Peer 1: 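Quick one: this structure, given as structure tokens, is what I'll be asking you about.
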Number of protein chains: 2
Amino acid sequence: MLQRSIGNLAKATGVKVPTIRFYEQIGLLPAPQRTLSDRRVYGEAAVGRLAFIKHARQLGFPVEAIRDLLRLSDSPEQPCETANALAAEQLSAVRAKIAQLQVLERELQQMVDAACIGEVANCRVIEALHDHTLCAGEHQTERRPTYAGL
Amino acid sequence: MLQRSIGNLAKATGVKVPTIRFYEQIGLLPAPQRTLSDRRVYGEAAVGRLAFIKHARQLGFPVEAIRDLLRLSDSPEQPCETANALAAEQLSAVRAKIAQLQVLERELQQMVDAACIGEVANCRVIEALHDHTLCAGEHQTERRPTYAGL
DNA sequence: CCTTGATCCTCTAGCGGCTAGAGCATGTAG
DNA sequence: CTACATGCTCTAGCCGCTAGAGGATCAAGG
């Protein structure tokens, strides 16, 4: 029976040791068994679970969503609407963020294109920052459900 | 001579009161004069400076970059290479982030497209999260200079 | 004049998702 | 037996705010 130390698990999954402890602390990973000298000992299941978490994090799912997804994954008789909904929600969060960033991209592109050679007194970049009306697109920063962290 | 309270400045710029105090604390805004009862009193210059900061933040410039840009803006005889460089750096940070998110978008799209109707046991979403090899694109999460916060 | 409610003050703590470091106890290889 | 790696816990820091406690002060209406 494969038994892994935390460092070994870290290597196997590419998740850093302190992060693994952090996931345990916030309840994403169950507390593993310990040796007599209090070291964590993981079985193979932990590798799968941690890989799942890692993958979901790479996709930008927030921890709370991952908690839900893990619960679902643990009880396979449940209907999977929730999982679909979470994925759809994450997709639209990612799309929203892309759209937002593309607005920024356009404005920054303009600033960079107009970049001056000379003194700040005539600098287009500084000027553009001073004068918001020079912006084509309004870049409203929607604050609340940031969601797709990354 | 226009004198504004912090609340008035907040309304004039759309920056929240606590945020204004925060900007003062971290040295983006100079400490203003005070009334006898210790309330902050701002002149018109503060409106401009705060609008500048707000605009730069909306564009995703990190606070440290804004500090530099403000310094430049304050001393107009300086060459503006630094400003151009900061803008260019921010542009490429934004582009990198867009590219990254587009990879996620594609994978999430696939997950959502394949969404099942039924039980979690057969759920494509959960399955995809379990099995990283189902991903087309590798979504490496570049960690370090996140930069374009948003 | 007095009350009410808005605004202001400072200070501390919290968000998300880790990361870094101190200070110590074990484990492992030569 | 001696290094050095790895493990442990605990606390604090990152970014850019945001929220709340607990209090002072202001402006308007009765």
Side-chain angles (χ1 to χ4, degrees), chain A residues 3-29 31-42 46 50 53-68 70 90 93 97 141-150, chain B residues 3-29 31-42 50 53-67 70 90 93 97 141-150:
Chain A
Q3 301 282 60
R4 292 174 186 275
S5 70
I6 194 170
N8 190 300
L9 178 61
K11 255 170 220 148
T13 57
V15 177
K16 290 181 192 155
V17 168
T19 305
I20 295 174
R21 284 194 281 246
F22 171 74
Y23 286 157
E24 178 184 332
Q25 192 184 303
I26 64 173
L28 283 193
L29 282 179
Q33 287 191 297
R34 301 280 187 131
T35 66
L36 289 178
S37 59
D38 228 30
R39 297 182 170 213
R40 290 168 178 84
V41 179
Y42 297 92
L50 190 47
I53 296 170
K54 185 191 180 190
H55 192 189
R57 283 296 302 134
Q58 287 178 326
L59 286 169
F61 285 93
V63 164
E64 281 317 299
I66 297 177
R67 213 184 286 281
D68 293 346
L70 282 168
Q90 176 61 10
K97 183 146 287 191
T141 322
E142 49 126 348
R143 283 291 171 199
R144 260 297 142 230
T146 308
Y147 208 68
L150 278 192
Chain B
Q3 301 282 62
R4 292 174 186 276
S5 70
I6 194 170
N8 191 299
L9 178 61
K11 255 169 219 148
T13 57
V15 176
K16 289 181 193 154
V17 168
T19 305
I20 296 174
R21 285 194 279 247
F22 172 74
Y23 286 159
E24 178 183 331
Q25 191 184 305
I26 64 172
L28 283 193
L29 281 178
Q33 286 192 297
R34 300 282 187 130
T35 67
L36 290 178
S37 60
D38 228 30
R39 295 178 172 217
R40 290 167 177 84
V41 180
Y42 297 92
L50 191 47
I53 295 169
K54 185 192 180 191
H55 193 190
R57 283 297 302 136
Q58 286 178 327
L59 287 168
F61 285 94
V63 164
E64 282 317 300
I66 298 177
R67 213 185 288 280
L70 282 168
Q90 177 61 11
K97 182 145 288 192
T141 321
E142 49 125 348
R143 282 291 171 199
R144 260 298 144 227
T146 310
Y147 208 69
L150 277 193

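Residue numbers begin at 1 in each chain, while the letters A, B, ... track the order of the sequences. Fair warning: this is a prediction, and the values are worked out from it, not measured in the lab.
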Peer 1: To the nearest angstrom, how far is A:Glu24 atom CD from C:dG17 atom P?
Peer 2: 18 Å

Peer 1: Measuring from B:Leu29:CG to B:Ile6:CD1, what's the distance to the nearest 0.5 Å?
Peer 2: 9.0 Å

Peer 1: When you measure from the side-chain N and O atoms of B:Arg4 to the phosphate of C:dT7, is any distance below 4.0 Å, counting only OP1 and OP2?
Peer 2: no

Peer 1: Between B:Leu70 and B:Ile53, which heavy-atom pair has the shortest distance, and what is it?
Peer 2: CD1-CG1, 3.9 Å

Peer 1: For D:dG7 and A:Arg34 - does any side-chain N or O of the residue sit under 4.0 Å from the phosphate oxygens OP1/OP2?
Peer 2: no

Peer 1: Indicate whether OP1 or OP2 belonging to C:dG17 is found under 4.0 Å from a side-chain N or O atom of A:Thr19.
Peer 2: no

Peer 1: At under 4.0 Å between heavy atoms, which parts of nucleotides 21-26 of chain D does protein reach? Answer with one letter per nucleotide, 5' to 3': B base, S sugar-phosphate only, - none.
Peer 2: ---BBS

Peer 1: Taking for each residue the nucleotide of DNA chain D bearing the nearest heavy atom, is the 5' side occupied by B:Pro18 or by A:Lys11?
Peer 2: A:Lys11

Peer 1: For D:dG7, take OP1 and OP2 only and decide whether either is under 4.0 Å from a side-chain N or O of A:Ser5.
Peer 2: yes

Peer 1: Got a sec, which pairs hit salt bridge (Lys or Arg N to Asp or Glu O under 4.0 Å) with one end in residues 6-15 of chain B, sequence neighbours left out?
Peer 2: none

Peer 1: In whole angstroms, how far is the C1' atom of D:dC14 from the CD1 atom of B:Ile26?
Peer 2: 13 Å

Peer 1: Nearest whole Å is fine: how far is C:dC9 C1' from B:Tyr42 OH?
Peer 2: 12 Å

Peer 1: Using whole Å, what does the distance between atom C1' of nucleotide C:dG17 and atom CD of A:Gln58 come to?
Peer 2: 15 Å

Peer 1: Check whether any side-chain N or O of B:Lys16 sits under 4.0 Å from OP1 or OP2 of D:dC17, and answer yes or no.
Peer 2: no

Peer 1: Verify the contact: side-chain N or O of A:Arg40 to OP1 or OP2 of D:dC8, cut-off strictly under 4.0 Å; return yes or no.
Peer 2: yes

Peer 1: For B:Phe22 and C:dC11, what is the distance between atoms CZ and P respectively, to the nearest whole Å?
Peer 2: 16 Å

Peer 1: Would you kindly give the CD1-to-C1' distance between B:Ile20 and C:dT7, to the nearest whole Å?
Peer 2: 13 Å

Peer 1: Quickly work out the A:Arg57 CZ to C:dG16 P distance and round it to whole Å.
Peer 2: 11 Å

Peer 1: State whether B:Arg21 places a side-chain N or O below 4.0 Å from either non-bridging phosphate oxygen (OP1 or OP2) of C:dT10.
Peer 2: no

Peer 1: Between the main-chain N or O of B:Leu59 and the side-chain N or O of B:Gln90, is there a donor-acceptor pair closer than 3.5 Å?
Peer 2: yes

Peer 1: Decide, yes or no, whether a salt bridge links B:Glu64 with B:Arg67 under the criterion of side-chain N to carboxylate O below 4.0 Å.
Peer 2: yes

Peer 1: First locate atom OG1 of A:Thr13, then atom NE2 of A:His55, and finally report the distance between them rounded to the nearest 0.5 Å.
Peer 2: 14.0 Å

Peer 1: So, is A:Tyr23 close to the C:dC18 phosphate, meaning a side-chain N or O under 4.0 Å from OP1 or OP2?
Peer 2: yes

Peer 1: For DNA chain D, whose closest nucleotide is more 5', that of A:Ile6 or that of B:Val63?
Peer 2: A:Ile6

Peer 1: Round to the nearest Å and state the distance from B:Leu29 atom CG to D:dG16 atom P.
Peer 2: 15 Å

Peer 1: Identify the two heavy atoms, one from A:Arg57 and one from A:Ile66, that lie closest to each other, and give their separation to 0.1 Å.
Peer 2: CD-CD1, 3.5 Å

Peer 1: Restricting to salt bridge (charged side-chain N to carboxylate O under 4.0 Å, His left out), what partner residues turn up for A:Arg39, sequence neighbours left out?
Peer 2: none

